[in-house]
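In what follows, a structure is listed as structure tokens, so that the remarks can point back to it.
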Amino acid sequence: LSSLELAGTSRRFDVYVGVDVFARGVKYNAGTGCAVATSFLQNLGASAAIFAPGWVLECGSGKNKSVDEAKIEDSIFWSMLFKS
């Protein structure tokens with residue numbers, strides 16, 4: 001986050017902060033629990049780099065679903081991460 005300060009307001013969105021959907025070594029839960037991190041970054045006005053965006057299809061609610069059902073689950077996942 002100190003990189004955001006160094007970037008200043010003109011380059012703020014050029015700095016990406018990593019968010020791990022598997023939640024390894026962090027204080028939020030895996031999957032939709034990473035919405036805690038993305039919400040924090042949105043409040044900071046920072047860009048997020050999502051690691052393991054396929055989590056919902058590999059491990060989450062979209063696993064072992066039909067293609068159409070998996071698409072719906074994936075859309076729900078992304079809408080939870082980036083609420084406007």
Side-chain angles (χ1 to χ4, degrees):
L1 296 179
S2 62
S3 296
L4 287 173
E5 293 172 7
L6 291 172
T9 55
S10 65
R11 305 273 326 258
R12 182 172 209 82
F13 294 108
D14 292 339
V15 177
Y16 287 80
V17 181
V19 176
D20 183 2
V21 181
F22 281 98
R24 292 170 279 216
V26 296
K27 295 182 181 182
Y28 55 82
N29 294 323
T32 57
C34 69
V36 171
T38 56
S39 175
F40 177 75
L41 295 175
Q42 280 182 303
N43 290 335
L44 282 178
S47 297
I50 307 297
F51 177 76
W55 180 90
V56 71
L57 303 176
E58 298 168 4
C59 305
S61 58
K63 184 176 181 178
N64 298 325
K65 299 274 177 101
S66 71
V67 171
D68 290 336
E69 292 171 320
K71 285 179 183 180
I72 291 168
E73 295 297 328
D74 195 49
S75 293
I76 292 169
F77 172 76
W78 287 102
S79 67
M80 292 178 77
L81 294 191
F82 297 101
K83 296 179 181 176
S84 50

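Just so you know, residue 1 is the first one in the sequence shown, and it goes up from there.
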* To do: Using the test side chain to side chain donor-acceptor pair (under 3.5 Å), find all partners of D14 that sit at least two apart in sequence or belong to another chain.
  => R11

* L44 and Y28: same hydrophobic cluster, using ILVMFWY side-chain contacts below 4.5 Å? -> yes

* What residues form a side chain to side chain contact (heavy atoms under 4.5 Å, CB included) with A48, not counting sequence neighbours? -> V19, L41, I50, F82

* Asked: What residues, two or more places apart in sequence or in another chain, satisfy side chain to side chain contact (heavy atoms under 4.5 Å, CB included) together with K65?
  -> E69, A70, E73

* Structure fact -> Partner of S61 under side chain to side chain contact (heavy atoms under 4.5 Å, CB included), picked from V56, I72, I76, is V56

* Asked: Quick one: side-chain hydrogen bond (donor to acceptor under 3.5 Å, both in side chains) pairs with a partner in residues 45-58, sequence neighbours left out?
  -> none

* Members other than F51 in its cluster, when Ile, Leu, Val, Met, Phe, Trp, Tyr link by side-chain heavy atoms under 4.5 Å? -> none

* Asked: Quick check: are there more than 12 heavy atoms from other residues, nucleotides or ligands sitting under 6.0 Å from OH of Y16?
  -> no

* To do: Give the minimum heavy-atom separation between W78 and P53, together with the two atoms involved.
  => CZ2-CB, 3.5 Å

Per-pair distances, 0.1 Å, donor-acceptor, side chain in residues 29-40, under 3.5 Å, sequence neighbours excluded:
{"residue": "T38", "atom": "OG1", "partner": "A35", "partner atom": "O", "Å": "3.2"}
{"residue": "T38", "atom": "OG1", "partner": "L81", "partner atom": "O", "Å": "2.6"}

